[in-house]
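Here is the structure we will look at.
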Amino acid sequence: ALANTAWAFATSGVAHRELFKTIGDHVAELGILNFFDPRELSITAWAFATSGVSHSELFEKIGNHVVGPGGLGSFKPRDLSNTAWAFATAGVSHPELFKKIGHHVAEQGCFDSFKPQELSNTVWACATVGYTDERLFSAFAPVIGSKLDECSEQELTNIAWAYSTLLRTLGSLPAGGLALARALAQNPTRADRTQNSA
């Protein structure tokens, strides 16, 4: 109920700071995250980030909970991408969380089940917080390349920015990164594709 309340207010664009503070304090102080499923964890973080309400203790508790034993076991791609996006958007540094997300995704090999927005949000969030794991970006590259036609202009922009940030940080692109960069450069925007097919 708390997660859904926060989500509803954030989705409607109402940043009721007192309400968000009360929810954040309640969740952080009572240690009730064990009763949250992955969706509730991710939408709670997403709601706070979307509303622009800062609650560092809540984010720390969510991050610590997720990196705990079995914390990512039943997370779906949407839960993973929303959580990563929320932490990056809120400017909360939790290196262990991003490391765990990166390892989990790479080990599960569930890249194909990510939708374009989930791919875009995940690589953008990782690059934003400075988590530049070559193995993760390498594994995502061919999957992103195969779904470029499904990406919105904003998703393409986020992906290009993430890989260019990786290039600046590492001095080179990981395996598959160069092919993706070429595909991005040659890929028309969705608006162009729509106009050309009219």
Side-chain angles (χ1 to χ4, degrees), residues 2-106 114 117-133 136-137 140 154-155 157-159 161-166 168-170:
L2 290 173
N4 288 332
T5 300
W7 177 87
F9 272 80
T11 303
S12 67
V14 179
H16 194 297
R17 295 193 174 277
E18 200 54 44
L19 173 67
F20 275 92
K21 183 180 184 314
T22 301
I23 291 173
D25 290 347
H26 184 71
V27 173
E29 289 169 10
L30 293 181
I32 58 174
L33 291 177
N34 285 335
F35 299 103
F36 280 48
D37 64 26
R39 180 188 162 277
E40 291 168 331
L41 285 168
S42 70
I43 66 169
T44 299
W46 179 91
F48 274 79
T50 300
S51 65
V53 178
S54 176
H55 200 298
S56 56
E57 185 183 1
L58 174 65
F59 273 89
E60 183 181 354
K61 292 278 176 81
I62 290 174
N64 292 343
H65 179 79
V66 172
V67 300
L72 286 178
S74 55
F75 269 63
K76 295 178 180 173
R78 185 173 185 176
D79 304 324
L80 291 168
S81 70
N82 280 345
T83 302
W85 180 90
F87 273 75
T89 300
V92 178
S93 176
H94 200 302
E96 284 303 309
L97 171 67
F98 280 87
K99 185 176 179 183
K100 179 120 184 194
I101 289 173
H103 287 181
H104 176 78
V105 172
F114 277 72
Q117 184 179 13
E118 296 160 354
L119 290 164
S120 167
N121 284 352
T122 304
V123 295
W124 175 86
C126 288
T128 297
V129 300
Y131 180 73
T132 52
D133 184 323
L136 179 70
F137 279 85
F140 265 136
Q154 184 61 57
E155 289 159 0
T157 301
N158 288 350
I159 291 164
W161 181 85
Y163 278 86
S164 67
T165 299
L166 187 71
R168 281 194 313 273
T169 304
L170 301 178

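In this pair, Phe114 and Phe140 present their aromatic rings perpendicular. The plane angle is above 60°, beyond the 30 to 60° band.
Considering CZ of Phe59 and OG1 of Thr83, their distance stands at 9.5 Å, rounded to 0.5 Å. One distance of note links CD of Glu118 with OG of Ser81; it measures 4.5 Å at 0.5 Å rounding. Here CG of Asn121 is found 11.0 Å from CH2 of Trp46. Values are rounded to the nearest 0.5 Å. Annotation: the span from Thr122 atom OG1 to Arg78 atom CZ amounts to 12.5 Å, rounded to 0.5 Å. Between atom NZ of residue Lys76 and atom CZ of residue Arg39 there is a gap of 10.0 Å, rounded to the nearest 0.5 Å. In this structure, CG on Asp79 lies 8.0 Å from OG on Ser74, to the nearest 0.5 angstrom.
In this structure, Ile101 and Ala84 approach most closely via the heavy-atom pair CD1-CB, 4.2 Å. Listed here is the closest heavy atom pair of Ala127 and Phe137: N-CZ, 4.2 Å. Taking every heavy atom of both residues into account, Asp25 and His55 meet most closely at OD1-NE2, 2.7 Å. Taking each heavy atom of Leu58 and Gly24 in turn, the nearest pair found is CD2-CA, 4.0 Å. Nearest heavy atoms, Glu60 versus His94: O-NE2, 4.1 Å. Minimum heavy-atom separation, Ala49 to Trp85: CB-CZ3, 4.0 Å.
Residues Leu80 and Val105 meet the side-chain proximity criterion, which asks for heavy atoms closer than 4.5 Å. The side-chain heavy atoms of Val92 and Leu97, taken from C-beta on, include no pair separated by under 4.5 Å. For the pair Val123/Asn158, no side-chain contact is recorded, criterion being any heavy-atom separation below 4.5 Å from C-beta on. Between Ile23 and Phe48 the shortest side-chain heavy-atom distance falls below 4.5 Å. Between Thr165 and Trp124 there is no side-chain heavy-atom pair separated by less than 4.5 Å. Looking at His65 and Asn34, their side chains come closer than 4.5 Å, going by heavy atoms from C-beta outward.
The backbone N or O of Trp161 sits less than 3.5 Å from a side-chain atom of Ser164, completing a donor-acceptor pair. With hydrogens and angles ignored, the 3.5 Å screen pairs no side-chain donor or acceptor of Tyr131 with any backbone N or O of Ala125. No donor-acceptor pair under 3.5 Å is formed between the side chain of Lys21 and the backbone N or O of Val53.
Considering Leu41, Ile43, Ile62 in turn, Leu41 is the only one that fulfils the side chain to side chain contact (heavy atoms under 4.5 Å, CB included) rule with Phe36.
Using a 4.0 Å cut-off between charged nitrogen and carboxylate oxygen, Glu57 and Lys61 count as a salt-bridge pair.
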(request) Start with the C-alpha gap between Leu170 and Thr132, add the side-chain angles, then the distance that decides, and say whether side chain to side chain contact (heavy atoms under 4.5 Å, CB included) holds. (result) CA-CA 8 Å; Leu170 301 178; Thr132 52; 4.1 Å; yes
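The neighbour count for Glu40 CD, taken as heavy atoms of other residues, nucleotides or ligands under 6.0 Å away, is above 12.
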